[in-house]
Amino acid sequence: MVCGTLTITKKGWCELLSLDFYWRMIRPHTLSASFTPVFIGTAFAMQQSGHLRDLLLVAMLLATVLIQIAANLFNEYFDYRGGLDTKDSIGIGGTIVHDGASPGFVLRTAFICCLIAMLLGIYLAWSTSWWLLVVGAICMVIAFIYAGGPMPLSRTPFGEIFAGGTMGAGITCIAYFIQTNHMTPQVLWVALPPFILIGLILTANNLRDRLGDQKGGRRTLVILLGHRKSVLFMFGGLMLAYLWTFILLGIGHKWVILLPWLSVWRVRKVIGGFAKENQSPQEMMPAMAQMAKLNRDYGTYLA
């Protein structure tokens, strides 16, 4: 193949030369799950301390985005090895089955992302506390076992908890800590909405892939609940995230904490897009994209 084309061969240096290929491989539409919690935690820290440690913010952003990309690549690699990803699969991934990248290349890229994130984590720990290395190591392990290992978390009903807990609440708290060098129970109240929304991004993904995942032997929360109850679960979670802003208002935040309600119109697009049963994965793709945009908009307004 010519390296200028979008098709990447399983062997050869073309894998290293196509920027379009890398753009698709990192799944940019998913990355709001990594940067919005950083902005939320940092904004809350600025409100409390009155200053910004800008270099630490940049390092934190890069590290979390790289861990998110690594998690995506681990998921793609193990889904391919497990037979869940085929040429007929619909989704925002597919570097291996659609672009022709070798599984080894995808796995190596994931480990490279983890290595760079680890180096950034060392800098963050040196600037704040060495205990941060322990927390960062736990996040990387979860990113790996989410898709790999003898019992991948992505194949269990607990995927939403781990995704929301690490990428949502966990990153929000870490972002706050590196700006202030301390923790406070108040940050946990602020971290609940990203916990919910990032967990629901996974629910949206699993709704789209429910039938294929079920055939592949997965036991996700969506498979256990079924389509209709999963949509109700999403709606309940989204409403809790929006109503939670009134709780934050009640514990002392200013009225601008209600700004996330400017994004509530996307809830109708998300729930409406998933409401009908027996849709094809392709038909549910717009609703899944709306869920990612809702997380982006809500998180930006909250920050």
Residues two or more places apart in sequence or in another chain: which of them pass side-chain hydrogen bond (donor to acceptor under 3.5 Å, both in side chains) with [X]?
{"X": "Thr128", "answer": "none"}
{"X": "Gln48", "answer": "none"}
{"X": "Asp297", "answer": "Arg266"}
{"X": "Thr166", "answer": "none"}

Which residue pairs pass the ring pair (Phe, Tyr, Trp, His ring centres under 6.0 Å) test when at least one of the two sits in [range], sequence neighbours left out?
{"range": "residues 45-65", "result": "none"}
{"range": "residues 271-299", "result": "Tyr242-Tyr298"}
{"range": "residues 204-228", "result": "none"}

Per-pair distances, 0.1 Å, donor-acceptor, side chain in residues 54-66, under 3.5 Å, sequence neighbours excluded:
unit_1 : atom_1 : unit_2 : atom_2 : d
Thr64  : OG1    : Met60  : O      : 3.0
Thr64  : OG1    : Leu61  : O      : 3.0

message = Would Phe177 and Trp131 count as a ring pair (Phe, Tyr, Trp, His ring centres under 6.0 Å) here? Give the steps.
response = CA-CA 11 Å; Phe177 176 80; Trp131 282 106; over 10 Å; no

ask   = Partners of Cys173 by side-chain contact (heavy atoms from CB on, under 4.5 Å), sequence neighbours excluded?
value = Met183, Val187, Leu188, Ala191

ask   = Does Trp265 have any side-chain contact (heavy atoms from CB on, under 4.5 Å) partners at least two apart in sequence or in another chain, and if so, which?
value = Lys269

key: Pairs satisfying side-chain hydrogen bond (donor to acceptor under 3.5 Å, both in side chains), at least one member in residues 174-191, at least two apart   = Tyr176-His182

query = Can you tell if the side chain of Ile201 reaches within under 4.5 Å of the side chain of Met288, non-hydrogen atoms only?
reply = no

Less than 3.5 Å apart, which donor and acceptor atoms pair up between the side chains of residues 111-118 and the rest of the protein, not counting sequence neighbours?
none

